[in-house]
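Quick caveat, the model's predicted, so the values are computed rather than measured. Just the heavy atoms: all of them, side chains too, but no hydrogens, waters or symmetry mates, feed the values below. In what follows, every chain begins at residue 1, and chains take the letters A, B, ... in the order their sequences are listed.
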Amino acid sequence: MPKRSTDTAAPAPEFAARRELLAWYAKERRDLPWRRTRDPYAIWISEAMLQQTRVETVIGYWTRFLARFPDVRALASADESDVLTAWSGLGYYRRARSLRAAAQAIVARHDGKFPRDAEAVRALPGIGPYTTGAVLSIAFDQPEALVDGNVVRVLSRWFAHDAPAAAAQRWAWERARELVPKSKGAGEWNQALMELGATVCTPRSPACERCPVAKACLARARGLENVLPRAKERPEPIDVELVAWVVERGGDVLVEQRPETGRMAGLWQLPTEQRSPRRPQLFPAELGIELTPGPELGLLRHAITHHRIRVVLQRGTVGRARVAAPLRWVPKAELGTLALTGMARKALAAAFGRPNLE
DNA sequence: AATCCGTGGGT
DNA sequence: TACCCAAGGAT
């Protein structure tokens, strides 16, 4: 009989399932680039990028970001605009600003070395309870629990816990702290739980026939695997219509910088006017310059949380008026050096074919 | 506690 | 097409 009394407080019936899950993870885990390092900085960057973002999207960004900012000091001393350019298209741009601010704090408070103390980690900007547990357990194998959307889903099903979303997450934290190995292997355990949620115990149509926990899963036993966890209610999406101007002069393209506060703060986009509705005002209602419309180049669809956006790509020409901030002429070849919004990247790709954005 | 903050892929 | 929501954190 293996010893378990010092390793976990979990009741005996869970022991077999826990062992099955760890064995499954050892065999089936995806070979992701950030799983090839124990560098806490590199792991931290991956965790920040993975927040609300798919693994497949992150791989390329992570690789380029690590090449551009290889360590804490490189990130701390970088210009914010360069960090945002590396982040361009990932969304939730506060994450990029927080990353840089946290790197500066690590240099100031911790001599440039990623802290090993949970309170010190949690105090860094952009790092909450999840990321604290993730970096400490994965990079340092400290016995810290973590809960993300995968863990809430896996545990809610495994133990058939039926509760509203907010309560289910609090419950999952308690459960995760009970289950996490207390001596060693916390990082592997946490990743196994998340990997199961990402690849087998998926939000819809979970692949229970491939699940190492299926025999112990109470939701499956009760036919609740497609019911739990309970979904959160979502507000009605709002429709927004925009005109995005494609204005060329020589080899230059007219671009517009967004305000320093609010959505996509400080990022660059095509000059954009919001036609309807006026509330919410996601984009300026009019430009500070007169443009003469040419042919329409097409229509594209985009989404920003709770908003469905229809964008008319409108070619245009500028008269004698002088271009002033927030508008600027930029050589087409240099568009890739700007921190463009995702919508701008789409629009530019539609107008010019895939530009040099990477 | 509820809302804000982007984007893309799966179904 | 339309909807779902992902390795969350700040306010």
Legend entry - Letter per nucleotide, 5' to 3', of nucleotides 4-11 of chain C [B base touched, S only sugar-phosphate touched, - untouched; heavy atoms, 4.0 Å]: BBBBBSS-
Legend entry - Pairs where residues 290-304 of chain A contributes a residue and the test side chain to side chain donor-acceptor pair (under 3.5 Å) is met, not counting sequence neighbours: A/His302-A/Lys346
Legend entry - Integer angstrom distance from the P of C/dT11 to that of B/dG6: 14 Å
Legend entry - Leading and trailing nucleotides of DNA chain B with any atom under 4.0 Å from heavy atoms of chain A: B/dA1 to B/dG9
Without placing hydrogens or testing angles, list every side-chain donor-acceptor pair under 3.5 Å for residues 103-117 of chain A, not counting sequence neighbours.
unit_1: A/Gln104; atom_1: NE2; unit_2: A/Ala76; atom_2: O; d: 3.1
unit_1: A/Asp111; atom_1: OD1; unit_2: A/Arg73; atom_2: NH2; d: 3.4
unit_1: A/Asp111; atom_1: OD2; unit_2: A/Lys113; atom_2: NZ; d: 3.1
unit_1: A/Asp117; atom_1: OD2; unit_2: A/Glu119; atom_2: N; d: 3.3
unit_1: A/Asp117; atom_1: OD2; unit_2: A/Ala120; atom_2: N; d: 3.0

Inset, instruction - Kindly write out the residues that satisfy salt bridge (Lys or Arg N to Asp or Glu O under 4.0 Å) with A/Glu248, not counting sequence neighbours, or none if the list is empty. - result: A/Arg315, A/Lys332
Inset, instruction - Pick the P atom in B/dC5 and in C/dA7, then give their distance to the nearest Å. - result: 23 Å
Inset, instruction - Determine the contact category for A/Thr202: base if any of its heavy atoms lies under 4.0 Å from a base atom, sugar-phosphate if only primed atoms, P, OP1 or OP2 are that close, otherwise nothing. - result: nothing
Legend entry - Nearest-nucleotide 5' precedence on DNA chain B, A/Ser205 against A/Thr305: A/Thr305
Which donor-acceptor pairs under 3.5 Å do the side chains of residues 254-262 of chain A make with protein atoms, sequence neighbours left out?
unit_1: A/Glu256; atom_1: OE1; unit_2: A/Gln269; atom_2: NE2; d: 3.1
unit_1: A/Glu256; atom_1: OE1; unit_2: A/Thr272; atom_2: N; d: 3.0
unit_1: A/Gln257; atom_1: NE2; unit_2: A/Gly266; atom_2: O; d: 3.0
unit_1: A/Arg258; atom_1: NE; unit_2: A/Arg263; atom_2: O; d: 3.1
unit_1: A/Arg258; atom_1: NH1; unit_2: A/Gln269; atom_2: OE1; d: 3.1
unit_1: A/Arg258; atom_1: NH2; unit_2: A/Arg263; atom_2: O; d: 3.4
unit_1: A/Arg258; atom_1: NH2; unit_2: A/Leu282; atom_2: O; d: 3.1

Inset, instruction - Name all residues meeting the side-chain hydrogen bond (donor to acceptor under 3.5 Å, both in side chains) criterion together with A/Glu273; count only those two or more places apart in sequence or in a different chain, and write none if there are none. - result: A/Trp245
Enumerate, atom names and distances included, each donor-acceptor pair closer than 3.5 Å involving a side-chain atom of residues 123-138 of chain A, sequence neighbours excluded.
unit_1: A/Tyr130; atom_1: OH; unit_2: A/Glu47; atom_2: OE1; d: 2.6
unit_1: A/Thr131; atom_1: OG1; unit_2: A/Gln51; atom_2: NE2; d: 3.2
unit_1: A/Thr132; atom_1: OG1; unit_2: A/Gly128; atom_2: O; d: 2.8
unit_1: A/Ser137; atom_1: OG; unit_2: A/Gly133; atom_2: O; d: 2.7
unit_1: A/Ser137; atom_1: OG; unit_2: A/Ala134; atom_2: O; d: 3.3
unit_1: A/Ser137; atom_1: OG; unit_2: A/Asn190; atom_2: ND2; d: 3.0

Legend entry - Polar contact flag, side-chain donor to acceptor under 3.5 angstrom, A/Ser77-A/Arg100: no
Legend entry - Side-chain hydrophobic cluster, 4.5 Å single linkage: members besides A/Leu224: A/Val227, A/Leu228
Inset, instruction - With sequence neighbours left out, write down each residue that passes side-chain hydrogen bond (donor to acceptor under 3.5 Å, both in side chains) with A/Gln142, or none if nothing qualifies. - result: none
Inset, instruction - Give a yes/no verdict on a cation-pi contact between A/Arg64 and A/Tyr61, requiring under 6.0 Å between NZ or CZ and the six-membered ring centre and an angle within 45° of the axis. - result: yes
Inset, instruction - Any side chain to side chain donor-acceptor pair (under 3.5 Å) involving residues 205-230 of chain A? Give me the pairs, sequence neighbours left out, ordered by first then second residue. - result: A/Asp162-A/Arg230
Legend entry - First of A/Ala303 and A/Pro235 reached from the 5' end of DNA chain B, by closest nucleotide: A/Pro235
Legend entry - Stretch residues 257-273 of chain A: residues that reach within less than 4.0 Å of DNA chain B through a heavy atom: A/Arg263, A/Met264
